[in-house]
Amino acid sequence: MNAPTTDQLPVVVVGAGPIGLAAAAHLVDRGIEPLVLEAGLTAGAAVREWSHVRLFSTWGEVVDPAAEKLLAPTGWTRPDPATYPSGGEWADSYLQPLADVLGDRVRIGATVTGVSRAGRDRIVDADREQQPFVVHVAYADGREERVFARAVIDASGTWATPSPAGSSGLAALGEKATADRITYRVPGLKDPTVRGRYAGKRTAVIGSGASAFTALAYLADLAKSDDGAGTKGVWVLRRGISGSTFGGGEADQLPARGALGLAAKAAVDVGHADAVTGFRTEAIERADDGRLVLVGEDGRRLDPVDEVIVLTGFRPDLSFLDELRLGLDERLQAPVALAPLIDPNQHSCGTVYPHGHRELSHPEQGVYLVGMKSYGRAPTFLAMTGYEQVRSVAAAIAGDLESADRVELTLPETGVCGGAGLFDAPGAAEADSGGCCPPAPQLVQLGAPATAGAAAPEQAPAGGCCGS
């Protein structure tokens with residue numbers, strides 16, 4: 001069968017999360033038909049997996065303008081813009097209504113298994129750019145289909161591919177064999193079954209970002225509850241504790257994000273968690289009583305723990321894009337023009353210059369990685385960043401380069417800047433202002449909070465998750 005010409009073809013959007021649905025809304029606003037393919041069985045499926053976690057962005061920052069325009073005729077109104085939604089509230093009150101408005105343009109239970117140019121594998125040059133994209137789709141009921149597209153926007157995120165505990169980027173020895181006691185998500189402790197798994201137990205939390213802060217704060221709340229006596233966290237960090245370890249605090253222009261780090265600090269300060277610094281996990285062994293022992297690259301063995309929560313970031317699944325010519329940074333697996341702006345070896349601000357189609361483009365014209373997936377392995381992605389990305393990309397696909405090149409977003413600062421790569425260098429603790437621990441690996445408990453604001457974990461901690 002001959003492939004159709006590209007002019008009347010839809011733009012395939014992979015993923016019906018917040019960024020994918022926003023991309024569809026911007027395309028509709030431009031008079032371009034989107035086809036959104038979502039592997040999950042509902043819109044925002046990944047977001048729903050962390051429905052218990054509260055965002056550190058307000059409703060005013062997580063609703064895309066083009067999406068709101070599309071929703072307005074239905075009578076939809078944005079919740080109080082100054083309040084913070086949970087993942088579940090974001091999905092129920094915004095993502096699902098948006099998917100409903102888009103109607104048949106959104107297909108659920110539709111897993112993209114491959115993307116290429118029609119009749120051209122990645123080797124062939126001849127007439128390549130004149131061919132439409134061909135997208136192979138596997139449906140939950142077993143059907144398979146190929147869909148032709150004028151462009152492809154991959155907003156599938158990174159939620160399904162968390163990074164392992166091993167510090168080399170590979171699974172630690174024994175990590176797979178002990179999977180029954182390991183989770184790679186922030187646990188929802190309001191669920192009685194999940195709560196029972198951690199109550200009164202000793203739990204290692206591996207990671208140093210917003211998700212780790214959230215888990216530590218949740219465990220601290222559990223430890224203070226009537227049914228949580230004896231709950232203890234062991235915070236495992238690959239580097240030392242410094243002035244920026246807990247984020248920007250009161251200097252963060254997203255107050256809930258700053259408060260999240262302060263809540264984690266309070267958990268350590270009051271003894272609900274111990275911090276083990278400079279520990280790079282090499283193996284996870286099972287003790288005689290079934291508990292787990294973390295073994296470091298330096299041979300140290302931590303005291304046994306009942307559970308392990310691995311929150312070491314995420315990485316993109318690029319397997320279904322193998323036949324496309326992507327230009328990805330060799331370190332981050334992010335688009336090469338974007339990578340220098342977000343490289344944690346250079347900075348840890350969590351704020352990147354607003355960017356669009358040019359930074360997201362690839363040698364394969366017409367394909368864009370957006371949302372969390374555009375960041376590759378880099379952390380700290382904001383929904384606002386993704387909304388600006390897809391606004392620009394939709395304008396570029398429509399041929400409106402003036403709008404596509406225009407910056408229409410100002411991002412908040414974290415209050416924290418410093419080369420994350422410095423933490424592995426001698427004298428790093430001194431180089432990062434506020435450093436309070438020597439670089440040698442050790443078990444530490446921080447002193448009393450320096451300010452009253454640092455001891456305010458009573459509120460439900462906000463989370464840094466943003467499935468896209």
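- Under the 4.5 Å side-chain criterion, counting only non-hydrogen atoms from C-beta, V137 is not in contact with T111.
- In this structure, the side chains of W59 and S93 come closer than 4.5 Å at one or more pairs of heavy atoms.
- The side-chain heavy atoms of I342 and F381, taken from C-beta on, include no pair separated by under 4.5 Å.
- Using a distance-only test at 3.5 Å, with no hydrogens or angles considered, no donor-acceptor pair links the side chain of E175 to the main chain of A283.
- The shortest distance between side-chain heavy atoms of L216 and Y218 does not fall below 4.5 Å.
- You'll find the side chain of R197 stays beyond 4.5 Å of the side chain of P187, heavy atoms only.
- Pairing each heavy atom of L55 with each of G87, the nearest pair is CD1-N, 3.8 Å.
- A cation-pi contact, defined as under 6.0 Å to the ring centre and within 45° of the axis, is absent between R48 and W90.
- Between R202 and E307, no side-chain nitrogen of the basic residue sits less than 4.0 Å from a carboxylate oxygen of the acidic one, so the salt-bridge criterion is not met.
- Side chain to side chain, E297 and S167 meet the donor-acceptor criterion of an N or O pair below 3.5 Å.
- A donor-acceptor pair is defined here as one N or O able to donate and one able to accept, closer than 3.5 Å; such a pair exists between the side chain of T161 and the backbone of R315.
- The side-chain heavy atoms of V106 and L37, taken from C-beta on, include no pair separated by under 4.5 Å.
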Inset, instruction - Please lay out, stage by stage, how I284 and V295 fare under the test side chain to side chain contact (heavy atoms under 4.5 Å, CB included). - result: CA-CA 6 Å; I284 303 177; V295 182; over 6 Å; no
Inset, instruction - Verify side chain to side chain donor-acceptor pair (under 3.5 Å) between D64 and H26, making sure each step is shown before the conclusion. - result: CA-CA 9 Å; D64 176 79; H26 281 276; 3.0 Å; yes
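- A side-chain donor-acceptor contact under 3.5 Å links Y387 to the backbone of V62.
- Look at D298 and R280 and you find no salt bridge, because none of the NZ, NE, NH1 or NH2 atoms lies under 4.0 Å from a carboxylate O.
- The main-chain N or O of L237 is never found under 3.5 Å from a side-chain atom of S208 such that the two would form a donor-acceptor pair.
- Side chain of T214 to backbone of A210: a donor-acceptor contact under 3.5 angstrom is found.
- Side-chain polar atoms of H272 and D221 form no donor-acceptor pair below 3.5 angstrom.
- Crowding of D226 atom CG: a count of heavy atoms from other residues, nucleotides or ligands under 6.0 Å not exceeding 12.
- Without hydrogens or angle criteria, H362 side chain to V336 main chain gives no donor-acceptor distance under 3.5 Å.
- With E38 contributing its side chain and I108 its backbone, the two residues share no donor-acceptor pair below 3.5 Å.
- With hydrogens and angles disregarded, no donor-acceptor distance shorter than 3.5 Å links the side chain of R291 to the backbone of D303.
- Here the CG-NE2 distance, from L360 to H355, works out to 5.0 Å after rounding to the nearest 0.5 Å.
- Counting all heavy atoms, side chain and backbone alike, P304 lies closest to V293 at CG-CG2, 4.0 Å.
- In this structure, the separation between CG on L292 and CZ on R181 is 6.0 Å, given to the nearest 0.5 Å.
- The structure places CD1 of I206 at 9.0 Å from CG of L311, a figure rounded to the nearest 0.5 Å.
- Using a 4.5 Å cut-off on side-chain heavy atoms (C-beta onward), V308 and L294 make contact.
- Between D227 and R195 there is a salt bridge, since at least one side-chain N of the basic residue sits less than 4.0 Å from a carboxylate O of the acidic one.
- Contact check on R54 versus E89 returns a salt bridge, with a Lys/Arg side-chain nitrogen under 4.0 Å from an Asp/Glu carboxylate oxygen.
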Legend entry - Worked verdict on L338 versus S374 for side chain to side chain contact (heavy atoms under 4.5 Å, CB included): CA-CA 8 Å; L338 176 60; S374 72; 4.0 Å; yes
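- Ion pairing between a basic and an acidic side chain is recognised when a charged N comes within 4.0 Å of a carboxylate O; K232 and D306 show no such pairing.
- Rounding to the nearest 0.5 angstrom, the gap separating the OG atom in S361 from the CG atom in L369 is 11.5 Å.
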Legend entry - Step-by-step salt bridge (charged side-chain N to carboxylate O under 4.0 Å, His left out) determination, D322 to R122: CA-CA 8 Å; D322 277 351; R122 67 185 296 165; 5.1 Å; no
Inset, instruction - Report the C-alpha distance between Q96 and T42 in whole Å, list the side-chain angles of each, state the deciding distance to 0.1 Å, and finish with yes or no for side chain to side chain donor-acceptor pair (under 3.5 Å). - result: CA-CA 8 Å; Q96 189 58 57; T42 182; 3.2 Å; yes
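- Ring geometry for W159 versus F314: interplanar angle under 30°, hence parallel rather than tilted (30 to 60°).
- Taken from CG in D343 to OH in Y375, the straight-line distance is 12.0 Å, to the nearest 0.5 Å.
- Nearest approach of V205 to W235, heavy atoms of both residues: O-CD1, 3.4 Å.
- A salt bridge is absent between K373 and D317: the closest approach of a Lys/Arg side-chain nitrogen to an acidic carboxylate oxygen does not fall below 4.0 angstrom.
- Across all non-hydrogen atoms, the minimal contact from A16 to L21 is O-CD1, 3.5 Å.
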Inset, instruction - Take R78 and E68 through the side chain to side chain contact (heavy atoms under 4.5 Å, CB included) test and state the conclusion after the steps. - result: CA-CA 8 Å; R78 183 195 311 215; E68 188 167 14; 2.4 Å; yes
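- Within the 3.5 Å criterion, the main-chain N or O of A46 finds no donor-acceptor partner in the side chain of E49.
- In terms of heavy-atom proximity, V47 sits nearest to P18 at CG2-CD, 3.9 Å.
- Between P81 and T58, every side-chain heavy-atom pair lies at or beyond the 4.5 Å cut-off.
- Q389 places a side-chain N or O within 3.5 Å of a backbone atom of G371 that can act as its donor or acceptor partner.
- The minimum heavy-atom distance linking T83 with D80 is given by the pair OG1-O, 2.8 Å.
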Inset, instruction - Would you check, one step at a time, whether the test side chain to side chain contact (heavy atoms under 4.5 Å, CB included) holds for F279 with R300? - result: CA-CA 8 Å; F279 190 92; R300 288 183 304 137; 3.3 Å; yes
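- Remark: R238 CZ to T277 OG1 distance equals 14.0 Å, nearest 0.5 Å.
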